[in-house]
Amino acid sequence: MSEDCVFCKINRGEIPSEVIFRNESCFVIRDIAPKAPVHLLIIPSGHFTYLTGMTPEFAPIAVDMLDAARCVAEQEGVTDAGYRLVINQGGNAGQEVPHLHMHLLGGKKLGGMG
Ligand code: AMP
């Protein structure tokens with residue numbers, strides 16, 4: 001946990017946000033500024049600033065994040081049509097929130113990767 005981190009604050013219930021899914025390692029919320037009809041954030045409950053911190057001993061957390069993505073895609077009805085999972089890592093990727101998270105984007109035909 002990190003005192004000032006927005007996603008840690010959401011996890012602690014200090015910032016209101018609807019958690020639509022939770023498992024042992026992570027939770028899922030809707031992005032506050034959605035870039036697609038379905039735009040979810042899959043967030044590890046423990047604080048990792050970057051993917052760099054998710055060394056092999058944390059592999060079960062990565063597995064739980066992918067499983068959460070699979071479950072919420074089903075929940076949101078985008079499994080069959082398809083969706084995209086994205087991790088923005090660091091400056092060149094435009095990472096805004098310094099707490100590792102995975103975006104799930106779907107609900108429309110997505111543009112190319114840029
Ligand atoms: P990234 O560029 O990968 O760091 O993306 C951070 C994402 O978090 C952006 O898409 C923001 O819109 C989203 N975001 C920031 N604050 C909140 C919040 N309080 N609740 C939901 N989404 C948020």
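Counting convention: from 1, in listed order, for ligands and their atoms alike. Just so it is clear, the structure is predicted and the values come from calculations on it, not from any experiment.
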Heavy atoms from other residues, nucleotides or ligands near CD of E14 exceed 12 (cutoff 6.0 Å): yes
same_hphob_cluster(I20, V6) at 4.5 Å side-chain heavy-atom cutoff: no
Any pair counted as ring-ring contact (aromatic ring centres under 6.0 Å, His included), so long as it reaches residues 57-92, sequence neighbours left out: F48-F58
Starting from L105, walk the hydrophobic network (Ile, Leu, Val, Met, Phe, Trp, Tyr; side-chain heavy atoms closer than 4.5 Å) and list everyone else you reach, by chain and number. V86, L110
Report, one line per pair, each donor and acceptor closer than 3.5 Å where one atom sits in a side chain of residues 32-44; sequence neighbours left out.
residue, atom, partner, partner atom, Å
K35, NZ, A33, O, 3.0
H39, ND1, K35, N, 3.0
H39, NE2, D31, OD2, 3.4
H39, NE2, H103, ND1, 2.8

Between CG of L66 and OG of S25, what distance do you get to the nearest 0.5 Å? 11.0 Å
For ligand 1, list the protein residues that place a heavy atom within a distance below 4.0 Å of one of its atoms, sorted by chain and number. V6, F7, I10, I29, R30, D31, I32, A33, K35, L41, N88, G94, Q95, E96, V97, H101, H103
